[in-house]
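Everything on this sheet refers to the single structure shown next.
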Amino acid sequence: MISTKQSEQSRISAGTKVKLKNYPTDSSDTDVAKELGEDAVKEMAANALLESRLHLDAVQNLLYASDTYSVLLIFQAMDAAGKDGTIRHVMSGVNPQGCQVFSFKKPSVEELDHNFLWRYMKALPERGRIGIFNRSYYEDVLVVKVHPEWLGPGQPTNPGKKFWARRYEDINNFEKHLTRNGTLVIKFFLHLSKKEQKKRFLERLTNPDKHWKFSDADLAEREHWDDYQKAFEEALTATSTERAPWYVIPADHKDVARAMVAEIIVKSIQDLKLEYPKLSTDQLGNLEIARAKLEKKQKSAAAATPQAPET
Ligand code: AMP
Ligand code: MG
C-alpha cells in the first residue's frame with residue numbers, strides 16, 4: 001500500500017517534544033514519491049482510499065456486532081487544511097447508522113456556563129459506533145490559547161502556564177477514562193503549510209463555487225499563524241499518549257492525506273481484534289428449532305396456495 005510507512009511515521013510517540021517543522025506537510029517530498037511522479041502517487045492514493053473504505057465498512061459492522069468498543073476520531077487543523085473533505089471522503093461508504101459527526105463551533109453561552117469538557121462528553125459515541133469530532137476539546141487549548149479573551153466568564157483574563165498545564169492534564173485524564181471504558185481514541189492533526197493555506201484561500205476567492213467557504217475570520221486567524229503552530233506543538237507534546245495517539249498527517253496533498261487517515265483508522269480498529277459474537281450450543285440449538293419451524297410453515301403455506309389453472 002502507498003502509505004503504510006508514512007502512516008506509521010506520522011504517529012507521535014508519548015514523551016516526544018513536538019517541533020512541527022520536523023514533520024512534513026508535503027507528502028510528495030520523498031524519494032519514492034518523486035520517482036513515481038505526481039500522477040502515479042495520486043492514483044495510488046485514490047486506490048488505497050477505495051480499498052480502505054471497503055475495509056472500514058467491514059470493521060464498522062464488526063464494531064457494531066461485537067458491541068464492546070466505540071471509536072472516537074478527532075480532527076484538528078489550521079483553516080483550509082481539509083478536515084471536512086477528509087471526513088467526507090474517508091467515511092463515505094460506511095453505514096450512516098454506524099457513525100456520527102459533530103462539528104464544534106464557538107461555544108454557546110450555555111456551553112460556557114459548564115466545564116470545558118461538558119459539550120464534548122454529551123457527543124461521545126455509543127458502544128458499537130464511530131464518533132467523529134470535527135474540532136474538539138483541543139480547541140480549548142488551541143484557539144483560546146491564542147485568544148485567551150475568548151475563554152468566557154469565570155476564567156482568568158491572563159491565564160498562565162499552570163492554567164494550560166491543568167487543561168492538558170484534564171484532557172489526558174478524560175482520554176484515560178474513555179480508553180479504560182472501551183473507547184478507542186485516534187487523533188489527527190492535518191498539517192498544512194502556510195503556503196498551501198494561501199493557495200487554498202485564494203482558490204476560495206477565485207472559484208465562485210468555493211466563495212461560500214471564504215471567511216474574513218479565517219484571514220484574521222492566518223495573521224496568528226505562528227501562535228497557532230506553537231499552541232499545536234504544545235498541545236501535541238502534552239497530550240501524545242500511547243492510549244490516545246496523535247497522528248500528524250501531511251495535508252498539502254489531499255489525496256495522500258485522506259488515504260493515510262483511512263488506513264490508520266482501519267488498522268487501529270483491526271488491532272482491537274474484534275470478533276462476531278459466538279453463540280453457545282444452546283443458542284445454536286434454538287436457531288435450528290427456529291429454522292425447522294420456518295421451513296415447516298413455508299411447506300404448509302405452499303401446499304395451501306391454489307395452483308394456477310393449466311392452459
Ligand atoms: P468552522 O469549523 O470553520 O466552521 O469554524 C468554527 C469556529 O469555531 C472556528 O473559528 C473555531 O476556532 C471556533 N471554535 C471551535 N471551538 C471553539 C472553542 N472551544 N472556543 C472558541 N472558539 C472555538
Ligand atoms: Mg472555517
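Here the structure is a predicted model, which is why all the values come from computation and not from measurement. Numbering starts at 1 and runs along the sequence shown.
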- Relative to each other, are the rings of Phe102 and Phe104 parallel, tilted or perpendicular (30° and 60° limits)? parallel

Can you list the residues that meet the side-chain hydrogen bond (donor to acceptor under 3.5 Å, both in side chains) rule with [X], with sequence neighbours excluded?
{"X": "Gln197", "value": "Arg222"}
{"X": "Lys267", "value": "Asp271"}
{"X": "Tyr23", "value": "none"}

- Kindly indicate, with the supporting measurements, whether the criterion side chain to side chain contact (heavy atoms under 4.5 Å, CB included) is fulfilled by Leu73 and Val90. CA-CA 12 Å; Leu73 307 175; Val90 172; over 6 Å; no

For a quick test of your reading: what N or O donor-acceptor pairs under 3.5 Å do the side chains of residues 281-295 make, sequence neighbours left out?
residue : atom : partner : partner atom : Å
Gln283  : OE1  : Ser280  : N            : 2.8
Gln283  : OE1  : Ser280  : OG           : 3.2
Glu288  : OE1  : Arg291  : NE           : 3.2

Tell me, yes or no, whether the heavy-atom count around [X] atom [atom1], taken from other residues, nucleotides or ligands under 6.0 Å, exceeds 12.
{"X": "Lys195", "atom1": "NZ", "result": "no"}
{"X": "Lys198", "atom1": "NZ", "result": "no"}
{"X": "Asp31", "atom1": "CG", "result": "no"}

Find out whether [X] and [Y] are in side-chain contact, i.e. whether some heavy atom of one side chain is under 4.5 Å from a heavy atom of the other.
{"X": "Tyr64", "Y": "Arg127", "answer": "no"}
{"X": "Cys99", "Y": "Val94", "answer": "yes"}
{"X": "Ile186", "Y": "Leu184", "answer": "yes"}
{"X": "Phe188", "Y": "Thr86", "answer": "no"}
{"X": "Val59", "Y": "Leu56", "answer": "yes"}
{"X": "Asp26", "Y": "Ser193", "answer": "no"}
{"X": "Ile130", "Y": "Gln60", "answer": "yes"}
{"X": "Leu142", "Y": "Val146", "answer": "no"}

Looking at [X] and [Y], would you say the former's side chain and the latter's main chain have a donor-acceptor pair under 3.5 Å?
{"X": "His89", "Y": "Arg258", "value": "no"}
{"X": "Arg53", "Y": "Gly93", "value": "no"}
{"X": "Ser52", "Y": "Leu49", "value": "no"}
{"X": "Ser28", "Y": "Ala33", "value": "no"}

In terms of side-chain geometry, is the basic nitrogen of [X] or [Y] positioned less than 4.0 Å from the acidic oxygen of its partner?
{"X": "Glu169", "Y": "Arg166", "value": "no"}
{"X": "Lys106", "Y": "Glu139", "value": "no"}
{"X": "Arg11", "Y": "Glu8", "value": "no"}
{"X": "Lys42", "Y": "Glu38", "value": "no"}
{"X": "Arg129", "Y": "Glu126", "value": "yes"}

- Which is it for Lys187 and Glu175 under the side chain to side chain contact (heavy atoms under 4.5 Å, CB included) test, yes or no, and what are the steps along the way? CA-CA 11 Å; Lys187 306 179 296 201; Glu175 291 179 348; 2.7 Å; yes

Is it the case that one hydrophobic cluster holds both [X] and [Y], taking links as side-chain heavy atoms less than 4.5 Å apart, direct or via other members?
{"X": "Tyr247", "Y": "Leu72", "value": "no"}
{"X": "Ile265", "Y": "Val248", "value": "no"}
{"X": "Met91", "Y": "Val261", "value": "yes"}
{"X": "Met78", "Y": "Phe75", "value": "no"}

Could you give the distance from [atom1] ([X]) to [atom2] ([Y]), rounded to the nearest 0.5 Å?
{"X": "Leu202", "Y": "Asn207", "atom1": "CG", "atom2": "CG", "result": "12.0 Å"}
{"X": "Gln9", "Y": "Thr30", "atom1": "CD", "atom2": "OG1", "result": "9.5 Å"}
{"X": "Leu62", "Y": "Gln270", "atom1": "CG", "atom2": "CD", "result": "9.5 Å"}
{"X": "Tyr69", "Y": "Thr183", "atom1": "OH", "atom2": "OG1", "result": "10.5 Å"}
{"X": "Asp170", "Y": "Trp164", "atom1": "CG", "atom2": "CH2", "result": "12.0 Å"}
{"X": "Tyr138", "Y": "Leu236", "atom1": "OH", "atom2": "CG", "result": "8.5 Å"}

For a quick test of reading the model, state the closest non-hydrogen atom pair linking [X] to [Y] and the distance between them.
{"X": "Glu242", "Y": "Ala14", "answer": "OE2-N, 3.5 Å"}
{"X": "Ala77", "Y": "Leu190", "answer": "CB-O, 3.5 Å"}
{"X": "Thr241", "Y": "Ala244", "answer": "OG1-N, 3.1 Å"}
{"X": "His224", "Y": "Ala220", "answer": "CD2-O, 3.5 Å"}
{"X": "Pro107", "Y": "Leu112", "answer": "CG-CD2, 3.7 Å"}
{"X": "Pro250", "Y": "Ala257", "answer": "O-CB, 3.6 Å"}

- With side chain to side chain contact (heavy atoms under 4.5 Å, CB included) as the test, would you mind laying out the steps for Phe189 and Ile12 before giving the verdict? CA-CA 11 Å; Phe189 169 56; Ile12 304 180; over 6 Å; no

Contacts table for residues 116-125: side-chain donor-acceptor under 3.5 angstrom, sequence neighbours left out:
residue : atom : partner : partner atom : Å
Arg119  : NH1  : Lys105  : O            : 2.9
Arg119  : NH1  : Glu111  : OE1          : 3.3
Arg119  : NH2  : Lys105  : O            : 2.9
Tyr120  : OH   : Ser136  : O            : 3.4
Tyr120  : OH   : Asp140  : OD1          : 2.6

- Message: Would Thr25 and Asp252 count as a side-chain hydrogen bond (donor to acceptor under 3.5 Å, both in side chains) here? Give the steps.
- Response: CA-CA 6 Å; Thr25 57; Asp252 285 357; 2.9 Å; yes

- Message: Per the side chain to side chain donor-acceptor pair (under 3.5 Å) rule, what does the pair list look like for residues 148-161, sequence neighbours excluded?
- Response: His147-Glu149

- Item | Arg135 side chain to Ser103 side chain, donor-acceptor N/O pair below 3.5 angstrom | no

- Modelled atom types, side-chain donor and acceptor of Thr16 and Ser240, under 3.5 Å: no

- Message: Under the salt bridge (Lys or Arg N to Asp or Glu O under 4.0 Å) test against Arg204, which residue among Asp218, Asp216, Asp209 passes?
- Response: Asp218

- Message: Determine whether the aromatic ring centres of residues Phe232 and Trp246 are separated by less than 6.0 angstrom.
- Response: no

